[in-house]
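Structure record follows, encoded as structure tokens.
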Amino acid sequence: MQTQDISSVLLDSTIPADLKAIAEKVYAGKRITVEEGILLYEKGELGFVGSLANYVREKKNGNYVYFNRNFHVEPTNICVFDCKFCSYSRLVKQKEEGWGLSEEEILNIVRSYNGKPVTEVHIVGGVHPKMGLMYFANLIKKVKEIRPDIHVKAFTAVELEYMCRKAKVSFEEGLRILKEHGQDSLPGGGAEIFHEDIRKQICEDKCTAEEWLEIHETAHKLGMPSNATMLYGQIEKFEHRIDHMNRLRELQDRTNGFNTFIPLKFRNKGNQMSNIAESTVIEDLRNYAISRIFLDNFNHVKAYWPMIGRTTAQLSLSFGVDDIDGTIDDSTKIYTMAGSEEQSPKLTTQQLVEMVKQVGRHPIERDTVYNTVTDYLDYDFSKEEAVAS
Ligand code: V47
Ligand code: SF4
């Protein structure tokens with residue numbers, strides 16, 4: 001346990017009074033305001049925000065680091081939308097560079113994990129004009145027939161808004177149908193940055209901030225938990241990040257339906273925003289830390305290691321992060337095509353466990369809703385069969 005010495009922060013005469021006042025609030029378990037959040041971004045040095053974030057992280061999650069055994073299915077990269085940061089989608093008219101898996105191909109991916117101890121399948125992709133609500137509902141039903149035990153985390157709010165609009169059903173009806181067919185939860189994608197000034201420049205044609213929030217609120221009311229993301233390090237300013245997190249914090253106060261917050265670092269390869277420099281590792285760590293401090297009602301903050309790389313993921317565990325997503329072969333193309341650190345994101349459970357132990361933390365395999373599946377602190381891998389990774 002890397003317990004923080006609170007007094008060292010409060011007694012440090014080099015820390016300005018306004019930041020110290022924030023530290024006092026955080027150590028007293030009080031919520032910080034929007035203005036204080038912006039101040040942390042403007043003036044909080046890495047060591048300072050890191051200390052606070054680690055305090056919050058250890059109070060909430062002790063020394064645990066969570067991961068899950070999941071696999072990803074991307075049904076298509078054909079997309080009717082044109083997000084400027086996206087390196088992966090192909091418009092319908094550029095079909096030659098696009099792919100669309102048939103239902104059988106998707107189900108074969110699911111079958112290929114038969115006998116493997118995965119607990120979750122994550123299904124997201126481009127917004128294909130011909131793959132509608134009932135197509136996906138029936139697909140999920142078939143996935144569950146193959147693997148009744150698996151948790152289906154599927155479709156961003158962007159995909160869901162389009163499906164419901166095309167099927168002429170309300171968000172509630174659409175989500176109800178998907179739930180009845182076996183969908184268990186929603187991933188956090190499509191949130192980007194909620195603020196209108198940014199959204200209209202980077203993704204003006206897809207679902208609005210209000211629709212994203214309404215879809216997640218509706219899902220929570222139907223008993224489907226979800227995640228939330230934030231695409232940072234592009235053209236947004238600090239105040240837009242805090243505005244984004246504030247809207248999530250308000251919704252979480254009402255529903256308590258979010259499992260985890262996932263900051264996504266903008267990667268600039270092969271998209272219409274390639275002229276924008278990527279954020280530094282220091283800024284990435286500061287961002288994890290300030291997210292952890294600001295989102296006091298989120299239990300978990302996740303670093304998506306295929307996107308930021310293993311080393312930054314390890315560092316992030318001292319800056320507020322307590323979750324490093326999944327193991328298994330992450331074949332997700334949305335990041336590799338945008339220039340992410342990991343061009344072949346593959347880690348066995350043993351490698352992931354080692355990564356966590358190297359930084360003095362306690363690895364726990366979780367299911368989607370953070371029930372413990374296996375405690376890996378003193379786990380003996382030599383007893384396991386080679387296939388179990
Ligand atoms: O919404 C697209 C992002 C998201 C780029 O819920 C990019 O467990 C950076 O949300 N640079 C989709 N990011 C993926 C997603 C996700 C990932 C892992 C886990 C979970 C979860 C959710 O990917 C999009 C967008 O914000 N994205 N292009 C890019 N160039
Ligand atoms: Fe389509 Fe998603 Fe890419 Fe936007 S980020 S263009 S919605 S695949």
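As the structure lists them, so they are numbered: ligands from 1, and atoms in each ligand from 1. Since the model is a prediction, treat every value here as computed from it, not as a measurement. This chain uses plain numbering: 1 for the first residue, then up along the sequence.
Ser279 and Asp284 share a donor-acceptor pair across their side chains, judged by distance under 3.5 Å alone.
Shown in contact with Cys79 at under 4.0 Å from a heavy atom are these atoms of ligand 2, numbered in order with element: 1 (Fe), 6 (S), 7 (S), 8 (S). Applying the 4.0 Å criterion to heavy atoms of Lys265 picks out, from ligand 1, the atoms 9 (C), 11 (N). Those atoms of ligand 1 that come under 4.0 Å of a heavy atom in Asn227, given as number and element, are 6 (O), 8 (O), 21 (C). Per-residue contacts place Thr229 under 4.0 angstrom from the following atoms of ligand 1 (heavy atoms of the residue considered): 10 (O). Here is the list of ligand 1 atoms found below 4.0 Å of a heavy atom in His122: 19 (C), 20 (C), 21 (C), 22 (C). The atoms of ligand 1 that sit less than 4.0 Å from any heavy atom of Asn271 are 30 (N). Here is the list of ligand 2 atoms found below 4.0 Å of a heavy atom in Phe85: 5 (S). Here is the list of ligand 1 atoms found below 4.0 Å of a heavy atom in Phe266: 9 (C), 11 (N). Listed by atom number, the atoms of ligand 1 under 4.0 Å from Lys153 heavy atoms are 8 (O), 21 (C). Atoms of ligand 1 found under 4.0 Å from any heavy atom of Pro187 (numbered from 1 in listed order, with element): 6 (O).
For the pair Arg249 and Phe294, the distance from NZ or CZ to the six-membered ring centre is under 6.0 Å and the angle to the ring normal is within 45 degrees. Annotation: cation-pi geometry satisfied between Arg366 and Tyr370 (NZ/CZ under 6.0 angstrom from ring centroid, within 45° of ring axis).
Taking any N or O of Gly189, backbone or side chain, at least one lies under 3.5 Å from an N or O belonging to ligand 1. Considering backbone and side-chain N/O of Lys302, one or more are found under 3.5 Å from N/O of ligand 1. Residue Tyr304 places no N or O, backbone or side chain, under 3.5 Å from any N or O of ligand 1.
Contacts between Ile262 and ligand 1 below 4.0 angstrom, taking non-hydrogen atoms only, involve the side chain exclusively. With a heavy-atom cut-off of 4.0 Å, Phe85 touches ligand 1 through backbone and side chain alike.
The only option from Lys269, Gln234, Arg267 that meets the side chain to side chain donor-acceptor pair (under 3.5 Å) definition with Glu278 turns out to be Arg267.
The distance from the OG atom of Ser185 to the NE2 atom of His151 is 2.5 Å, given to the nearest 0.5 Å. To the nearest 0.5 Å, atom CD of residue Glu180 and atom NZ of residue Lys141 are 11.5 Å apart. Between the OH atom in Tyr41 and the CD atom in Glu239 there is a gap of 12.0 Å [rounded to 0.5 Å].
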Tell me, with the steps shown, if Asp296 and Arg31 meet salt bridge (charged side-chain N to carboxylate O under 4.0 Å, His left out).
-> CA-CA 7 Å; Asp296 62 342; Arg31 174 169 283 191; 2.9 Å; yes
Decide ring-ring contact (aromatic ring centres under 6.0 Å, His included) for Phe261 and His300; before the verdict, give the C-alpha distance in whole Å, the side-chain angles of both, and the deciding distance to 0.1 Å.
-> CA-CA 6 Å; Phe261 179 66; His300 304 284; over 10 Å; no
Would Glu196 and Lys200 satisfy salt bridge (charged side-chain N to carboxylate O under 4.0 Å, His left out), going step by step from the backbone distance to the final call?
-> CA-CA 6 Å; Glu196 173 70 15; Lys200 71 173 186 246; 5.2 Å; no
ring-ring contact (aromatic ring centres under 6.0 Å, His included) between Phe258 and His220: does it pass, once the steps are laid out?
-> CA-CA 8 Å; Phe258 288 116; His220 297 172; 4.7 Å; yes
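Residue nearest to atom 3 (Fe) of ligand 2, selected from Cys83, Cys86, Gly126: Cys86 (by heavy-atom distance).
In this structure, Met307 is part of the shell of residues with a heavy atom less than 4.0 angstrom from ligand 1. Not a single heavy atom of Met273 sits closer than 4.0 Å to an atom of ligand 1.
With a cut-off of 2.8 Å, atom 4 (Fe) of ligand 2 has no N, O or S atom of Cys203 in range.
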